[in-house]
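The structure presented is a predicted model; accordingly, all values stated were derived computationally and were not measured. One-based numbering along the sequence shown.
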Amino acid sequence: MDAQPTIAEAMDLTSFVRVLAAYLLRRADGMLPDLPWWLEKENHFHASRLGLEAGYVANEKGTTRPLAAVWREVLGTLRPLAEELGEGAWLERLHRRVKEGLSYAYQRQVSEESGSLRQVVSALIEGLERETARRESE
């Protein structure tokens, strides 16, 4: 949920958060089991470091699941409500982005290939400019 490089990516995540919040408001039991704070911190650390390639510690016994599998489970749970709320297309766009590769992966690739943070920033600016140009031509 870091800073999103384009308006479209921010809108996709905004839609996801809206649907997730509506889901959680309707259900007292949540979506995933409650974990001790230290496991939540561990999951946060791994996700922020490895993205969807991270393992998700699912319980106090240390059972892990691929975070990508957790995403697919959450997506499946939220789809019906997303449709009901008129957010289905946005959620599907986000899912396509997840499958194709999110911005963090692209940024890492540019960084590894160029060895330059300036190149990463330039690539992000170019992406935002392309999106802006598309919106202006519509």
Side-chain angles (χ1 to χ4, degrees):
M1 300 296 277
D2 212 2
Q4 299 307 303
T6 65
I7 295 166
E9 288 173 270
M11 291 170 62
D12 293 346
L13 279 177
T14 300
S15 175
F16 170 70
V17 170
R18 177 176 183 241
V19 175
L20 180 61
Y23 177 88
L24 294 173
L25 283 171
R26 292 180 182 191
R27 296 189 53 126
D29 62 345
M31 181 174 287
L32 298 170
D34 289 336
L35 297 172
W37 69 269
W38 54 273
L39 276 179
E40 294 289 357
K41 292 289 247 182
E42 186 75 8
N43 282 329
H44 178 266
F45 170 75
H46 287 288
S48 63
R49 187 168 159 259
L50 301 171
L52 288 172
E53 291 78 38
Y56 171 78
V57 181
N59 56 41
E60 290 184 63
K61 295 177 185 173
T63 305
T64 60
R65 299 174 53 204
L67 190 54
V70 174
W71 159 251
R72 288 188 298 275
E73 180 182 313
V74 168
L75 176 69
T77 300
L78 294 180
R79 272 187 171 127
L81 181 57
E83 290 299 326
E84 177 186 325
L85 296 174
E87 302 284 346
W90 295 102
L91 195 62
E92 290 308 314
R93 265 181 37 157
L94 177 59
H95 183 53
R96 257 193 325 277
R97 285 185 197 278
V98 168
K99 288 192 314 190
E100 293 168 0
L102 294 169
S103 180
Y104 75 86
Y106 173 67
Q107 292 174 49
R108 285 181 182 169
Q109 177 187 353
V110 171
S111 177
E112 288 170 6
E113 289 173 359
S114 68
S116 167
L117 290 179
R118 287 183 190 271
Q119 286 300 110
V120 174
V121 173
S122 292
L124 291 171
I125 291 169
E126 288 171 16
L128 184 57
E129 286 175 341
R130 277 192 307 273
E131 179 187 72
T132 304
R134 268 194 318 270
R135 289 182 184 277
E136 288 175 355
S137 68
E138 291 176 354

Between CG of Asn59 and CZ of Arg65, what distance do you get to the nearest 0.5 Å? 10.0 Å
Verdict with reasoning, Leu117 to Val121, per side chain to side chain contact (heavy atoms under 4.5 Å, CB included): CA-CA 6 Å; Leu117 290 179; Val121 173; 5.5 Å; no
Check whether any side-chain N or O of Glu87 sits under 3.5 Å from a backbone N or O of Arg18 as a donor-acceptor pair, and report yes or no. no
Measure from the side-chain N and O atoms of Asn43 to the backbone N and O of Val57, and report whether any donor-acceptor pair falls under 3.5 Å. yes
To the nearest 0.5 Å, how far apart are CG in Leu39 and CG in Asp34? 12.0 Å
Pair Arg79, Glu73 - check salt bridge (charged side-chain N to carboxylate O under 4.0 Å, His left out), show working. CA-CA 10 Å; Arg79 272 187 171 127; Glu73 180 182 313; over 6 Å; no
Check whether the ring centres of Tyr56 and Trp71 lie less than 6.0 Å apart, and answer yes or no. no
Straight-line distance of Glu92 CD to Lys99 NZ, nearest 0.5 Å: 8.0 Å
Classify the side-chain pair Arg27/Tyr23 by whether it contains a donor and acceptor separated by less than 3.5 Å. yes
Given the rule in the side-chain hydrogen bond (donor to acceptor under 3.5 Å, both in side chains) test, do Gln107 and Ser111 qualify, once you have shown the distances and angles that lead to the verdict? CA-CA 6 Å; Gln107 292 174 49; Ser111 177; over 6 Å; no
Less than 4.0 angstrom from a charged side-chain N to a carboxylate O is my criterion; do Arg130 and Glu136 meet it? no
So, does Gln119 use its side chain to make a donor-acceptor pair with the main chain of Val110 at under 3.5 Å? no
Is it the case that one hydrophobic cluster holds both Leu94 and Leu67, taking links as side-chain heavy atoms less than 4.5 Å apart, direct or via other members? yes
For a side chain to side chain contact (heavy atoms under 4.5 Å, CB included) check, start with the C-alpha distance between Leu102 and Leu52, then their side-chain angles and the critical distance, and finish with the verdict. CA-CA 9 Å; Leu102 294 169; Leu52 288 172; 4.1 Å; yes
With a 4.5 Å cut-off on side-chain heavy-atom distances among I, L, V, M, F, W and Y, is there a chain of contacts connecting Phe16 to Ile7? no
Please find the pair of heavy atoms, one from Glu83 and one from Gly88, that lie closest to each other, and give the distance. OE2-CA, 3.2 Å
Kindly determine whether Glu131 and Leu128 satisfy side chain to side chain contact (heavy atoms under 4.5 Å, CB included), including the steps that lead there. CA-CA 5 Å; Glu131 179 187 72; Leu128 184 57; 3.8 Å; yes
Side chains of His46 and Glu42: any donor to acceptor distance under 3.5 Å? yes
Can you confirm whether the side chains of Glu9 and Thr6 place a donor and an acceptor under 3.5 Å from each other? yes
Heavy-atom donor-acceptor pair, Asp12 side chain to Ser15 backbone, under 3.5 Å: no
Short side-chain to backbone donor-acceptor contact, Thr14 and Ala10, under 3.5 Å: yes
Would you indicate whether Trp38, at its atom CH2, is surrounded by more than 12 heavy atoms from other residues, nucleotides or ligands within a distance under 6.0 Å? yes
Apply side chain to side chain contact (heavy atoms under 4.5 Å, CB included) to the pair Leu91 and Leu75, showing each step before the final yes or no. CA-CA 8 Å; Leu91 195 62; Leu75 176 69; 3.5 Å; yes
CZ of Arg97 to CG of Leu13: how many Å apart, nearest 0.5 Å? 9.0 Å
Please give me the minimum heavy-atom distance between Pro80 and Gly76, naming the atom from each residue. CD-O, 3.6 Å
